[in-house]
Amino acid sequence: MPGKGAWLSMKNELLTDRAFVERVFREAYEIGLSSASRGTVASYIPELKKADPKAFGMYMMTDDGYSLAFGDCLERFSIQSVCKVIILAESLKLFGFKETFSHVMMEPSGDSFNSILKLDLASSRPYNPMINAGAIELVSLLVNKVGYDELLDETRALCMDPAIDLDESVYHSEFETGDRNRAIAYLLKSKGVLMGDPEKTLDLYFRMCSLSVNAKSLAGLGLVIANNGVDPFTGERLIKEEDVRTLKIIMFTCGMYDYSGKFGMNAGVPGKSGVGGGIVCAARGPMGIGFYGPALDAFGNSSGGVKAMVHISEKLRLHVFDYN
Ligand code: GLU
């Protein structure tokens with residue numbers, strides 16, 4: 001009997017027809033590829049400008065080892081904001097739900113991911129862990145307890161990808177141009193809520209954003225989440241069941257920038273995107289899906305990735321409120 005919040009591990013009969021599943025994914029890839037180049041590659045971190053706007057890849061895996069790979073799915077890129085899922089998972093693991101959410105709220109902010117407005121004017125507690133202020137606050141908690149190497153190991157395990165490493169050039173680029181994040185960290189400090197040294201906090205945050213992943217690594221992360229926190233291939237529990245439930249809810253409500261509501265409406269799965277062009281989705285199957293498409297839409301999400309996921313979700317009935 002699945003436990004609390006175990007809805008993503010419900011079996012999806014549509015997945016047993018593999019020819020159908022493959023057709024759906026192939027169509028989604030074509031849709032994603034054709035709209036991929038319509039967006040714009042992020043440029044505020046200079047190193048990200050180098051990405052090919054036409055690149056597009058996706059990877060899907062289920063708990064029985066079934067996988068599908070398309071296009072540039074093995075191309076490495078920086079994880080960027082997708083690391084906020086890992087930061088939240090680590091905070092829940094080390095500090096628990098109550099302590100974690102005494103430092104951040106669990107509400108969509110309605111402002112851009114790197115906004116400073118509400119933090120200054122509305123609440124000293126960042127609105128949620130998926131915006132920069134929330135992630136930086138949680139990293140300030142973590143920095144006193146774990147080092148970068150430990151977080152890197154956690155990331156490798158959660159993504160089932162031992163090859164994840166720091167992209168040094170992205171890290172330096174983030175570090176040199178991260179003044180808005182510095183402003184956030186120091187504003188948190190001025191309000192007396194930052195829990196660690198601001199420079200150490202920022203360094204760890206920049207490092208986490210600069211980890212080099214691919215669509216396959218994100219599919220791995222999605223699968224671990226969809227599989228209720230257990231690596232299906234080793235049987236090892238990586239995230240507590242109750243923490244996975246929290247991750248899924250926060251991803252669903254706040255994971256796709258100011259498009260989270262519409263993504264919830266149209267794709268209906270927990271997802272998290274980053275300005276490097278990555279999207280992780282956790283879906284019923286249990287299934288993990290990772291996307292790479294560095295051309296971003298007006299909201300900052302991979303334009304090809306969003307369109308492809310909506311198609312997959314519609315055809316395979318993945319919307320969390322459509323299960324029966
Ligand atoms: N490293 C980026 C920043 O802090 C992450 C942004 C994102 O992917 O949303 O600005």
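Ligands are counted one by one from 1 in listed order, and the atoms in each one are counted from 1 as well.
Looking only at protein heavy atoms, the nearest one to atom 10 (O) of ligand 1 is Y44 OH, 2.7 Å. Remark: minimum distance from atom 7 (C) of ligand 1 to any protein heavy atom is reached at S81 OG, 2.6 Å. Atom 2 (C) of ligand 1 has as its closest protein heavy atom Q80 OE1, 3.0 Å.
Cation-pi contact between K262 and F299: absent, since separation from the ring centre below 6.0 Å together with deviation from the ring axis within 45° is not met. A cation-pi arrangement is found for R207 relative to Y171, the charged atom lying closer than 6.0 Å to the ring centre and inside a 45° cone about the ring normal. Under a cutoff of 6.0 Å and an axis angle of 45°, K272 and Y257 form a cation-pi pair.
The proximity of E174 to ligand 1, defined as any non-hydrogen pair under 4.0 Å, is limited to the side chain.
Every atom of ligand 1 is numbered from 1 in the order shown, and the set under 4.0 Å from a heavy atom of N181 is 3 (C), 4 (O), 10 (O). Here is the list of ligand 1 atoms found below 4.0 Å of a heavy atom in Y205: 3 (C), 4 (O), 5 (C). Heavy-atom proximity to V275, at under 4.0 Å, picks out these atoms of ligand 1: 6 (C), 7 (C), 8 (O), 9 (O). Against a heavy-atom cut-off of under 4.0 Å, N132 is close to the following atoms of ligand 1: 3 (C), 4 (O), 10 (O). For ligand 1, the atoms closer than 4.0 angstrom to any heavy atom of G274 are 8 (O). For ligand 1, the atoms sitting less than 4.0 Å from at least one non-hydrogen atom of Y257 are 7 (C), 8 (O), 9 (O), numbered in the order shown with element in parentheses. Against a heavy-atom cut-off of under 4.0 Å, C209 is close to the following atoms of ligand 1: 1 (N).
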Go through K93 and I239 one step at a time and tell me if the side-chain contact (heavy atoms from CB on, under 4.5 Å) criterion holds. CA-CA 7 Å; K93 177 170 146 187; I239 314 173; over 6 Å; no
Kindly indicate, with the supporting measurements, whether the criterion salt bridge (charged side-chain N to carboxylate O under 4.0 Å, His left out) is fulfilled by R76 and D161. CA-CA 12 Å; R76 294 263 162 194; D161 178 1; 3.0 Å; yes
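When side chains are defined from C-beta on, V21 counts as touching L68, because their heavy atoms get closer than 4.5 Å. Between C83 and L211 there is no side-chain heavy-atom pair separated by less than 4.5 Å.
A salt bridge does not link K200 with D203: every distance from a Lys NZ or Arg NE/NH1/NH2 to an Asp or Glu carboxylate oxygen is 4.0 Å or more.
Taking a 4.0 Å cut-off on heavy atoms, F206 fails to register as neighbouring ligand 1. Ligand 1 has no atom lying under 4.0 Å from any heavy atom of N114.
In this structure, F175 is not a member of the same hydrophobic cluster as L48, with clusters built from ILVMFWY side-chain heavy atoms closer than 4.5 Å.
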